[in-house]
Amino acid sequence: MDRLTRTANIIKAYYSYRKNLDAATFVKEVCSFFDYIRNEPISESDMNLLIFLANEAGIPQYFDLLKDKFTDCRISDENVKTLTISALFHEASLIRENSKLHRYQKNVLDSFKTRQKNRFVLTAPTSFGKTFLVYEIIQKMQYQNVLLIFPAISLLSENYARLCRLDAFQTYKIHSLSEEEFNLSERNIFIFTPERFLSFMDSHQHLHFDFAFIDEIYKIDNSFIIDQETSGENERDTAYRLALEFTCNLTSDMLLAGPYMALPQPNTQQHKSFNNFAEDNEFSFLRYNQFEIVLKEYTTVKSKRQYHIDEIPVEIGSVGKGQKIANIIKSLSTPKENTIIYCGRRADTEAYARALLRDQALISSFQEACSRIESATYEMFLDHLGHTFGNDWIVLEALKGRIGIHHSLIPKYIQKEIINLFNTGVLLCLFSTTTITEGVNTSAKNIIITSNKKGIKPLRQFDAKNIAGRAGRFHQHYSGRVIDLNNGFESIVNGKPEILEHKNYDVQATKTDVDYQITKEQYLSESERQEKADILLQVASSEIPSEVFDCFRVVGPKDKLLLYGYISSMPWWTIEDIKHVSVTLASSNAHRLYWPGFQAIMDIILPIVHEEKLKQLISMRVGKKQYSLITVLLNSYLSGGFLSMVQYYVERKVNPKTKDEAMRQVADFVYNVFKYHLVKYLGLFDVFFRYRVSKSENINMEEVSGLGLLLQKLEYNALSPNARKVSDYGVPFKLIDCYDSKSPYDKRQFDAYEQHVDYEISRLFT
């Protein structure tokens, strides 16, 4: 299509928009025109038209990107047209202090008004800028006590750091730890994950917030959670639903947000549970899913030898997937337009990367393409990984070839640095699982789809849209390229959407005793109401105070009653053994376990453990004294840290693991089993045990030594407040030790990369 035809078509699209007011379609048309014109010669007359179109579409940033990145042409004073002036007036209405919104962000912002209850559910594409918008809402409404709930520690720490740097939030005290002290007469922002928020609420059940934002609210529905390879191990929906219900009861204004969520229509008779939730809690829906601000261009690669992708010829050939990936990257990827390769499993990210590394000519071309990109950290990061983890780790081998690997079992600070290197163009491509959709901002132009699954589960439309949403980035690209290696991906994207559900507002949904805590009577069946009443009678007869019993709400009341029964019947010698666990933890600064006492705890909690992996680790006995494997692993982690566990698996005489296998295994233990599942049961045991001892010895619970040090070590790998914040932020292990050290730490032990990170974080946390 020639330029004249394209220009005529965009003018027709404008008049069509004026007639039918289909703004979402017009945004796509304008975006497509900008994507075309950026490579064409541009005159001042063109610039007048383009600034007019961008502002009519409501996205003045389209024009900003063009003049900042693609053209030197400017509109001289004598060539300013009336329409241009009108467009500039519109643009001015979108500017708030140092920020520029697009029209649809401004519409959401304008929905928040003083002297009314502001509660909204926002669904919009990944490129919409939802978190940026939240900051604008807080500033506009001048809220005093604010709650922000993000799905991942990485997002929590990223927003903590951003708020600390922004001048507009210097009057706020920012809190990210559940045990921090605060003063409600001051301005406060609390940033938590759902799990950390619930822990916070155990001690602050009657706190009131002026505004709350909950990100990725779709996680209340387990079927929408896309960050797991296996089923049956995820309880994030429970934590999200508990956190949401608490927040609704404690907060005035709220914004719940998520990408591409299919919300039920008014008066629907099917899938209406989320409508029930919205009506009962006075929420209105803000639907912007159709406003795809960065276009997506889909290509399905089958058996043809050549494809034209975004008008670029790509030689594919009749080859396997690995070679197709290599050919596509070679043809399309540059440091400014690099490529994500979506893989269904963690092992696949490493396998595909290893396959590319075998082609030395290909790797040389990658290295050559990225060699002109300056980086302050790349070489020192490689050196750091080499002497910390060894040169035989696939993640390091790939980085040397300008390839990134990203999945949930890579230490967090390494994931973070890999994303930074990718976004600056130091890496040409990035192999990733669905972790790339979990709070990670990337600058990729292209995404290659190698699988239509997430682990063993088929991708749903919601999953596929989120993955495709990583192609192209607002303020950097007009469009992103989605290249599917014959997985039917585009059909999934265009398939029937799944409506978001809320099981606590659906009488037909099967509920557990955990759900009874937050489900109103009208949404329970008769048998569920009877069971709930029976449980409440049992809880009352147990005479456990509510402030004790209600802790760790993700564990159901029936399991709590069972656990307390076991604790109540413990003989005195078992109690003394368990007390000795606390003594050993305190004397070693949480570097050693007292094995007999800890084993007693494991035996007591085993009957209420439902996570299969944790149950197996407790049940499996090793050594002459037959301790649980988890006791052995945990003691190894406390005494020697992450790296000592990796070394153990690599060097053990029976069935040794490769470095890649050992890293994944240990990361799974540390970041999943220890940090989430074990902490939950140990925390509940600790509360009940201290209550039992305080009652029998007639002392306050606070006077009973407990497992607090161990719980902090497992959740943060650190004890002091600053060290825990640093750990959340994601830093090398030595820096956590440094910030956690009670005695002066010799920073001369730091390598160049560790020194660089230490300098960067010292401005945030000291």
Side-chain angles (χ1 to χ4, degrees), residues 195 198-199 201-203 205 232 235 237-239 241-243 245-246 503-504 509-521 523-572 574-575 577-579 581 597-612 614-615 618-619 628 676-701 704 706-708 711:
E195 293 82 0
L198 293 175
S199 178
M201 292 311 303
D202 286 344
S203 306
Q205 295 185 14
E235 59 178 26
D237 64 318
T238 303
R241 285 184 285 107
L242 288 165
E245 195 68 21
F246 261 128
K503 67 183 291 187
N504 299 108
T510 303
K511 301 174 188 70
T512 67
D513 58 326
V514 176
D515 294 310
Y516 296 163
Q517 303 170 90
I518 55 170
T519 305
K520 297 171 185 174
E521 293 293 308
Y523 299 115
L524 294 171
S525 67
E526 184 58 41
S527 61
E528 287 169 340
R529 281 195 287 269
Q530 185 59 54
E531 184 179 28
K532 179 181 178 179
D534 292 343
I535 290 171
L536 290 174
L537 285 174
Q538 293 176 52
V539 173
S541 64
S542 75
E543 298 184 350
I544 305 172
S546 60
E547 63 268 21
V548 173
F549 194 85
D550 289 344
C551 290
F552 295 92
R553 289 176 182 262
V554 288
V555 180
K558 291 191 288 187
D559 282 338
K560 288 181 176 179
L561 290 167
L562 187 63
L563 178 62
Y564 190 72
Y566 291 140
I567 292 173
S568 297
S569 61
M570 286 189 306
W572 66 267
T574 302
I575 292 174
D577 267 349
I578 292 171
K579 284 183 178 180
V581 175
F598 188 78
Q599 186 59 52
I601 297 172
M602 292 298 97
D603 293 339
I604 291 167
I605 69 170
L606 179 59
I608 69 164
V609 172
H610 299 291
E611 289 77 22
E612 197 58 40
L614 179 57
K615 190 184 296 185
I618 298 174
S619 301
S628 290
Y676 291 109
H677 300 315
L678 184 58
V679 161
K680 172 181 63 179
Y681 292 110
L682 284 179
L684 181 62
F685 175 90
D686 179 57
V687 172
F688 281 4
F689 177 77
R690 288 189 295 112
Y691 173 69
R692 161 83 166 80
V693 171
S694 71
K695 192 176 172 186
S696 62
E697 298 182 7
N698 196 28
I699 58 176
N700 290 328
M701 277 183 66
V704 182
L707 304 175
L711 294 170

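We use all heavy atoms of the structure for the numbers below, so side chains are in, but hydrogens, waters and symmetry mates are not.
A salt bridge (charged side-chain N to carboxylate O under 4.0 Å, His left out) with Asp515 is found for exactly one of Lys532, Lys520, Arg241, namely Arg241.
Between Tyr691 and Tyr564, the angle of the ring planes lies from 30° to 60°, which puts this pair in the tilted group.
In this structure the side chain of Glu547 never reaches within 4.5 angstrom of the side chain of Asp550, judged on heavy atoms. Put simply, the side chain of Met602 does not reach to within 4.5 Å of the side chain of Leu614, judged on heavy atoms. Annotation: side chain of Phe598 is not in contact with side chain of Ser628 (no heavy-atom distance under 4.5 Å). Inter-residue side-chain proximity for Lys695 and Arg692 is flagged as unmet; no heavy-atom pair is nearer than 4.5 Å. In this structure, Met570 and Ile578 have side chains that are in contact, with non-hydrogen atoms separated by less than 4.5 Å. A 4.5 Å side-chain heavy-atom check between Val514 and Val555 finds every atom pair outside the cut-off.
A donor-acceptor pair under 3.5 Å is formed between the side chain of Arg529 and the backbone N or O of Leu524. Judged by distance alone, the side chain of Asp686 and the main-chain N or O of Leu707 form a donor-acceptor pair under 3.5 Å.
Glu531 has a carboxylate O that lies under 4.0 Å from a charged side-chain N of Lys558, or vice versa, which qualifies the two as a salt bridge. With salt bridges taken as basic N to acidic carboxylate O contacts below 4.0 Å, none links Arg553 and Asp202.
At least one test fails for Lys560 against the ring of Phe552: distance under 6.0 Å to the centre or angle within 45° of the axis.
Counting only N and O atoms by type, the side chains of Asp577 and Thr574 include no donor and acceptor under 3.5 Å apart. No hydrogens or angles considered: nothing links the side chains of Asp534 and Gln538 as a donor-acceptor pair under 3.5 Å.
Residues that satisfy the ring-ring contact (aromatic ring centres under 6.0 Å, His included) test with Tyr516, not counting sequence neighbours, are absent from this structure. By the ring-ring contact (aromatic ring centres under 6.0 Å, His included) test, Phe689 is found to be paired with Phe685, residues two or more places apart in sequence or in another chain being considered. Qualifying salt bridge (Lys or Arg N to Asp or Glu O under 4.0 Å) partners for Lys680, counting only residues two or more places apart in sequence or in other chains: Glu235, Glu611.
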Would Leu606 and Ser619 count as a side chain to side chain contact (heavy atoms under 4.5 Å, CB included) if you check the C-alpha gap in whole Å, the side-chain angles of each, and the deciding distance to 0.1 Å? CA-CA 8 Å; Leu606 179 59; Ser619 301; 3.9 Å; yes
Go through the steps to decide whether Ile605 and Tyr566 satisfy the test side chain to side chain contact (heavy atoms under 4.5 Å, CB included), and finish with yes or no. CA-CA 9 Å; Ile605 69 170; Tyr566 291 140; over 6 Å; no
Before you tell me yes or no, could you show the steps for Lys511 and Thr519 under side chain to side chain contact (heavy atoms under 4.5 Å, CB included), namely the whole-Å CA-CA distance, both residues' side-chain angles and the distance that decides it to 0.1 Å? CA-CA 9 Å; Lys511 301 174 188 70; Thr519 305; 3.8 Å; yes
Decide yes or no on side chain to side chain contact (heavy atoms under 4.5 Å, CB included) for Lys503 and Thr510, but give the supporting numbers first. CA-CA 8 Å; Lys503 67 183 291 187; Thr510 303; 5.8 Å; no
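Considering every non-hydrogen atom in both Leu682 and Leu711, the closest pair reads CB-CD2, 3.7 Å.
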